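What follows is one structure encoded as structure tokens, with my remarks underneath.
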There are 2 protein chains.
Amino acid sequence: MAKAKDNSTIQANKKAAFQECPVTYVMEKIGGYWKPIILFQLLSGSKRYSDLRKSIPAITEKMLIQHLKQLEADDLVLREAKQVVPPHVTYSLTKAGQGLKPVLYAMAVWAVDDSKENAATFRRNLKNFPGVPNTP
Amino acid sequence: MAKAKDNSTIQANKKAAFQECPVTYVMEKIGGYWKPIILFQLLSGSKRYSDLRKSIPAITEKMLIQHLKQLEADDLVLREAKQVVPPHVTYSLTKAGQGLKPVLYAMAVWAVDDSKENAATFRRNLKNFPGVPNTP
DNA sequence: ATAGATACATACTTTAGGGTAAGTACTTGT
DNA sequence: ACAAGTACTTACCCTAAAGTATGTATCTAT
């Protein structure tokens with residue numbers, strides 16, 4: 001993981017929010033660009049490291065293991081390695097990880113609703129999203 | 001808002017995830033240290049700017065309006081200003097904002113569950129959290 | 001012999017977001 | 001005359017997270 005300075009306001013705030021706000025607690029565990037996507041992939045069953053890489057082509061290996069390690073440390077995914085050579089490692093959701101299903105589902109429902117209810121806004125957002133050509 | 005380079009991988013990935021992953025869509029809207037806390041404050045009813053400041057003492061004014069503006073742009077909160085002088089501005093949740101209630105609730109439920117189920121891990125996390133004295 | 005597949009690791013750079021500090025405009029109370 | 005309260009704004013700095021690039025060990029197939 002990335003090193004973290006012990007005495008910075010940002011860390012203090014993070015800690016406070018982490019302790020007091022359950023939503024932040026969840027964010028810390030499933031936040032970031034890749035974690036939700038990885039978790040989503042694992043919702044459909046256990047996968048090998050290389051399978052994950054293939055099903056998420058845009059992710060770099062660094063990001064992939066980094067987040068897998070983090071998810072493992074947070075007891076959301078389980079790593080199982082067969083002691084063979086060519087290595088064979090599978091990742092799956094733990095019980096706690098499975099428990100996130102309703103949370104992810106609630107989020108997905110809201111997202112679809114929200115992007116439908118104001119489809120115009122949604123499209124505008126996408127248009128104004130940095131790095132998107134205006135009329136492709 | 002903070003500037004964002006138009007041609008960066010991070011923005012491209014963000015956009016892709018934003019488009020494809022509903023969870024990321026939600027994260028973009030309620031993620032960050034402060035947004036959940038602000039939203040939580042507004043769940044209990046509309047509040048004045050100064051009230052929000054008082055109920056979230058640790059937040060700076062910059063962060064507060066910055067996120068309020070963002071939330072307003074995302075149509076999650078509604079800003080209402082009385083044209084008087086001393087200004088009088090109230091913020092409340094829009095319908096879309098209210099719609100987040102089940103999402104936030106699901107997250108809170110999971111968080112409590114998770115931090116109970118492995119209370120030891122939770123405490124260890126807190127202990128190892130950067131900036132926390134080992135035995136206060 | 002060498003290329004490819006497996007599952008990582010590690011050094012180094014960039015960027016988005018969060019933080020600090022100070023200022024604005026206008027009015028009321030003392 | 002001046003402090004205090006209202007709701008912001010703006011310029012500048014710092015750090016954590018994301019990205020780039022390359023390396024490692026072992027075996028199999030060609």
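Values in this document were obtained by computation on a predicted structure and should not be read as measured data. Because only heavy atoms are used, hydrogens play no part in the values below, and waters and symmetry mates are left out as well, while side chains stay in.
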Worksheet item: Does the side chain of B/Lys54 get closer than 4.0 angstrom to OP1 or OP2 of D/dA7 through an N or O atom?
Response: no

Practice prompt. Check whether any side-chain nitrogen or oxygen of B/Thr9 sits under 4.0 Å from OP1 or OP2 of D/dA18, and answer yes or no.
Written response: no

Fill in: Phosphate contact (D/dA17 OP1 or OP2) by A/His67 side-chain N/O below 4.0 Å
no

Fill in: First of B/Tyr33 and A/His88 reached from the 5' end of DNA chain C, by closest nucleotide
A/His88

Practice prompt. Decide, yes or no, whether a salt bridge links A/Asp114 with B/Lys29 under the criterion of side-chain N to carboxylate O below 4.0 Å.
Written response: yes

Worksheet item: Just to confirm, is there a sub-4.0 Å distance from OP1 or OP2 of D/dA18 to any side-chain nitrogen or oxygen of B/Asn13?
Response: no

Fill in: Any B/Gln11 side-chain nitrogen or oxygen under 4.0 Å from OP1 or OP2 of C/dA16
yes

Practice prompt. Return the value, rounded to whole Å, for the distance between atom NZ of A/Lys62 and atom P of C/dT10.
Written response: 12 Å

Worksheet entry | Pairwise 5' ranking along DNA chain D for A/Ile59 and A/Val85, keeping only the more 5' one | A/Ile59

Discussion item. Closer than 3.5 angstrom, by distance alone: can the side chain of B/Trp110 be matched with the main-chain N or O of A/Lys101 as a donor-acceptor pair?
Written reply: no

Item to complete: Considering just the side-chain nitrogens and oxygens of B/Ser8, establish if one lies under 4.0 Å of OP1 or OP2 belonging to D/dA18.
Response: no

Discussion item. Does C/dA7 have its OP1 or OP2 closer than 4.0 Å to a side-chain nitrogen or oxygen of A/Arg48?
Written reply: yes

Fill in: Side chains of B/Val23 and A/Ile37 in contact at under 4.5 Å (non-hydrogen atoms)
no

Worksheet item: Does OP1 or OP2 of D/dC8 have a side-chain N or O of B/Tyr91 closer than 4.0 Å?
Response: yes

